[in-house]
Undergrad: 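There's a structure below that I have some questions on.
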Amino acid sequence: MELLFTILIGMVIGAIDALPMFLKKMDKANCWSAFLQYVVVTFIIFNTTLPQLTVSDFVAGPLISFMMALPMVVMIAKSEKKAVPVILVNAVVLGLIIAVIKHYSIHLFL
């Protein structure tokens, strides 16, 4: 049940990120890449803590999402410099949303 919930939340967050891209008729491979990025980010945030940094889940979520966006940013920065801040802000905001959902849904599965 937890796995299905995690995937469902990842798909919703991925849709939030990718839907504007699909609507702007951007390259479909880029749209699907963004969607899958947040499915994977959600899975990792839901199953990771960062005790070595002594940070709460509300900091860990955005931090993990930001770090996972960096390789994509490096590739995109070459051709789309204006997209870099948008991608990084999205990573932080969506990472925080994922962390909040994780925090408030944890009692559902205990």
Side-chain angles (χ1 to χ4, degrees):
M1 185 64 169
E2 289 178 54
L3 179 61
L4 291 176
F5 180 74
T6 302
I7 292 170
L8 176 67
I9 297 300
M11 291 173 70
V12 170
I13 297 295
I16 290 169
D17 188 55
L19 189 60
M21 297 170 66
F22 277 112
L23 294 176
K24 290 182 181 178
K25 301 198 189 296
M26 295 177 75
D27 182 64
K28 287 186 181 181
N30 293 345
C31 299
W32 283 110
S33 174
F35 174 80
L36 291 173
Q37 169 81 11
Y38 282 99
V39 173
V40 172
V41 166
T42 301
F43 181 81
I44 291 173
I45 291 172
F46 269 44
N47 292 288
T48 302
T49 59
L50 297 175
Q52 64 275 26
L53 297 180
T54 61
V55 296
S56 72
D57 284 341
F58 295 111
V59 175
L63 185 60
I64 291 168
S65 184
F66 182 87
M67 289 187 302
M68 290 187 66
L70 290 176
M72 186 171 37
V73 166
V74 170
M75 289 188 316
I76 291 170
K78 184 177 178 181
S79 60
E80 295 286 333
K81 289 184 181 11
K82 291 181 182 180
V84 170
V86 174
I87 293 168
L88 294 176
V89 169
N90 274 352
V92 171
V93 171
L94 294 175
L96 180 60
I97 291 170
I98 295 165
V100 168
I101 293 169
K102 174 186 176 183
H103 179 77
Y104 288 107
S105 66
I106 196 116
H107 69 279
L108 296 174
F109 302 104
L110 293 178

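Here the structure is a predicted model, which means the values were calculated and not measured. In what follows, every heavy atom counts, from backbone to side chain, and hydrogens, waters and symmetry copies are set aside.
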Undergrad: Decide whether V89 and L70 are clustered together by the hydrophobic rule: side chain heavy atoms of Ile, Leu, Val, Met, Phe, Trp, Tyr closer than 4.5 Å, transitively.
TA: no
Undergrad: With rounding to the nearest 0.5 Å, note down the distance linking CD1 in I44 to OG1 in T6.
TA: 12.0 Å
Undergrad: Over all heavy atoms of both residues, which pair between A99 and G61 is shortest? Give the atoms and the distance, please.
TA: CB-CA, 4.0 Å
Undergrad: Do L50 and T48 come within less than 4.5 Å of each other through their side chains, counting heavy atoms only?
TA: yes
Undergrad: So do the side chains of N90 and F66 get within less than 4.5 Å of each other, counting heavy atoms only?
TA: no
Undergrad: Given the rule that I, L, V, M, F, W and Y join up when any side-chain heavy atoms are under 4.5 Å apart, are V93 and V12 in one cluster?
TA: yes
Undergrad: Shared ILVMFWY cluster between L36 and M72, side chains joined below 4.5 angstrom?
TA: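 No, because L36 and M72 fall into different hydrophobic clusters, even though each may have its own neighbours under 4.5 Å.
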Undergrad: Compare all side-chain heavy atoms of V100 with those of D57 and state whether any distance is below 4.5 angstrom.
TA: no
Undergrad: Which heavy atom in S65 sits nearest to a heavy atom in G95, and how many Å separate them?
TA: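 Smallest interatomic distance, heavy atoms only, reads CB-CA, 3.7 Å.
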Undergrad: Would one find more than 12 heavy atoms of other residues, nucleotides or ligands at under 6.0 Å from atom CE of M11?
TA: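 No, because the 6.0 Å sphere around CE of M11 holds 12 heavy atoms or fewer from other groups.
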Undergrad: Should I76 and N30 be marked as a side-chain contact (heavy atoms from CB on, under 4.5 Å) after you check the CA-CA gap, both sets of side-chain angles, and the distance that decides it?
TA: CA-CA 10 Å; I76 291 170; N30 293 345; over 6 Å; no
Undergrad: Among I97, L94, I9, I16, which residue meets the side chain to side chain contact (heavy atoms under 4.5 Å, CB included) test with Y38?
TA: L94
Undergrad: Can you check whether A29's main-chain N or O pairs, donor with acceptor, with S33's side chain at less than 3.5 Å?
TA: no
Undergrad: Where the side chain of K102 meets the backbone of I45, is there a donor-acceptor pair that is under 3.5 Å apart?
TA: yes
Undergrad: If you round to the nearest 0.5 Å, how far is CD1 of I64 from CD1 of I98?
TA: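 Going from the CD1 atom of I98 to the CD1 atom of I64 covers 9.5 Å.
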Undergrad: Work out which heavy atom in A91 is nearest to a heavy atom in A69; give both atom names and the distance.
TA: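 So the minimum-distance heavy-atom pair works out to CB-CB, 3.9 Å.
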Undergrad: Quick one: CD on E80 to CE on M26, what's the gap to the nearest 0.5 Å?
TA: 6.5 Å
Undergrad: Report yes or no: does Q37 contribute a side-chain atom to a donor-acceptor pair with the main-chain N or O of D17 at less than 3.5 Å?
TA: no
Undergrad: Answer yes or no: are there more than 12 heavy-atom neighbours, outside F22 itself, under 6.0 Å from its atom CZ?
TA: yes
Undergrad: If hydrophobic clusters are built from ILVMFWY residues whose side chains come within less than 4.5 Å, do M21 and V84 share one?
TA: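 In one cluster: no.
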Undergrad: Would you give the length of the straight line joining atom NZ of K82 to atom CD1 of I87, rounded to the nearest 0.5 angstrom?
TA: 14.0 Å
Undergrad: Does some side-chain heavy atom of L19 sit less than 4.5 Å from a side-chain heavy atom of F35?
TA: no
Undergrad: Please report the shortest heavy-atom distance between K81 and A77, naming the atom on each side.
TA: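 Here K81 and A77 meet closest at CG-O, 3.3 Å.
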Undergrad: For the hydrophobic clusters of this structure (ILVMFWY residues joined by side-chain heavy atoms under 4.5 Å, transitively), does one cluster hold both V92 and L96?
TA: no
Undergrad: Any side-chain heavy-atom pair from L53 and L63 closer than 4.5 angstrom?
TA: yes
